[in-house]
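In what follows, every heavy atom counts, from backbone to side chain, and hydrogens, waters and symmetry copies are set aside. Just so you know, ligand 1 is whichever comes first in the structure, and atom 1 is the first atom listed for that ligand.
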Amino acid sequence: MEHNNTMRGVVFIGNGKVELRNFPKPTPRGTQVVVKMKAAGICGSDMHSFYRSQDFWAQHPIIRGHEPSGIIEAVGEAVTMVQPGDRVSVYHAPACGHCEACVRGEYFRCTTIGPGYRLASLKVHGCDADFLLVDQNVCFPLPDSLSFEDGAIIACAGGTAYHALKKADVHAGEYVLVTGLGPVGLCVTLLANAMGAFVIGADPIAYRRELAKHHGATYTLDPAQENLAEKVKQIVKEGVEVAIETSGNDQARADILQATNYHSRLVYVGFGGQTQNIMLSPLLGDRMITGSNMFTGADYYDLTRFLLRKQLHFDVLVTHRFPLERAQEAFDLFATKQTGKVVFTWD
Ligand SMILES: [Zn+2]
Ligand SMILES: [Zn+2]
């Protein structure tokens, strides 16, 4: 484990290789706190930079990880909102707390701190480490009945899933099509089912379809083998009321237009892919189409209340747990997509 003034942190060293390195243990100043990490999730978005070159990562020896949950270990002299011993889920972008974006709870759009400063960006150390230095204002209280793994998942995938469902204005009894059953899609599945909707999950990976079935999907389908829109309309003749696209796959982006009806709500969450434009006009009707990006501070409180009242846990989606020293194995496994959520845990 960590020794006195050093801690361990995971860095990418290029071409899909990671390394566990020693870093100075951070000291909180002013309104900063140090969080002793208890759970940190691996995210689909981590994989976008996992294979970048050795040269690139040699210039950015920044600790990875942006899904933190843990216990406040030490606080700066000006900290008033939290204290040592508090269980927290940490919002993964530093925030001033005062600009318009922050007041809206959209901390990741903070205009004072500016873009590029999210945890594990190229400028700020992330949470795949024994300790994490952040400001008190992004430490949200984690209710006792939620686990640290719940807290880590809420910090990115779960919060993102909840925000998308809120934007979709899901009603009980409606059909929700979820394309992509990675961590975000699985969180959407779990929540939409708990909201009383019927979930149709689509993913080419059988392992992920099975997980989705286990955690709330009434139907699953394989878009690599079946025509998604045709299959969906065999289940719901008129098309689904809601579609949530989490894969970032070009085909899925187009397919959900065909699988919905003229007054459906479509939410695009997944990023990446090549789509330059989707031909909308002949298909649109009264569809409502929106993007959805991350989540707000208000979402955090609404989501944790929802989980508590429904006695739900995101940690049921965790299929693999690793200590930091097995980081290479953890990332390699997650890259195969034969997993649900993969997390680092500490005793
Ligand atoms: Zn994430
Ligand atoms: Zn701000």
Side-chain angles (χ1 to χ4, degrees), residues 10 12 30-32 37 39-50 62-70 81 89-129 132 134-140 148-164 180-188 190-191 244 246-248 269-272 292-300 303 314-315 317-318 320 327 330-331 334-335 337 339-344:
V10 176
F12 286 173
T31 56
Q32 293 174 326
M37 290 297 303
I42 297 182
C43 180
S45 69
D46 292 321
M47 307 320 282
H48 293 264
S49 58
F50 184 53
I62 294 289
I63 297 169
R64 309 318 306 159
H66 63 267
E67 303 189 348
S69 185
M81 301 175 191
S89 171
V90 181
Y91 195 92
H92 63 260
C96 76
H98 295 285
C99 72
E100 181 177 340
C102 283
V103 170
R104 288 178 189 277
E106 298 170 356
Y107 302 118
F108 66 103
R109 296 198 172 102
C110 176
T111 51
T112 310
I113 290 174
Y117 283 89
R118 295 182 190 182
L119 288 189
S121 63
L122 301 179
K123 293 169 180 165
V124 181
H125 281 312
C127 63
D128 295 345
L132 172 68
V134 287
D135 196 274
Q136 63 177 351
N137 65 7
V138 288
C139 292
F140 291 137
F148 289 112
E149 291 176 3
D150 289 330
I153 296 173
I154 294 168
C156 183
T160 299
Y162 185 72
H163 189 68
L181 297 170
V184 174
L186 288 169
C187 287
V188 171
L190 188 91
L191 292 173
I244 306 212
T246 74
S247 72
V269 183
F271 61 95
S292 181
N293 192 200
M294 299 257 268
F295 64 103
T296 66
D299 291 329
Y300 179 85
L303 172 55
F314 282 136
D315 60 16
L317 302 173
V318 176
H320 301 81
F331 281 101
F334 188 68
K337 302 189 175 182
T339 71
K341 194 69 184 167
V342 177
V343 296
F344 293 114

[Y] backbone acceptor or donor facing [X] side chain under 3.5 Å:
X      : Y      : result
Lys341 : His320 : no
Asp315 : Asp150 : no
His163 : Asp299 : no
His66  : Leu119 : no
Ser247 : Gly180 : no
Asn137 : Ala95  : yes

Task: Protein N/O/S atoms closer than 2.8 Å to the Zn ion (ligand 1) - done: Cys43 SG, His66 NE2, Glu67 OE2, Cys156 SG

TODO: Name the orientation class of the two ring planes belonging to Phe331 and Phe12 (parallel below 30°, tilted from 30 to 60°, perpendicular beyond 60°).
DONE: perpendicular

TODO: Take the angle between the ring planes of Tyr91 and Phe140 and call it parallel below 30°, perpendicular above 60°, tilted in between.
DONE: perpendicular

Open item on the list: Closer than 2.8 Å to the Zn ion (ligand 2), what protein N/O/S atoms do you find?
Closed with: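 Short answer, with waters excluded from the count: Cys96 SG, Cys99 SG, Cys102 SG, Cys110 SG.
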
Open item on the list: When you measure from the centre of the six-membered ring of Phe108, is the NZ or CZ of Arg118 closer than 6.0 Å and no more than 45° off the axis?
Closed with: no

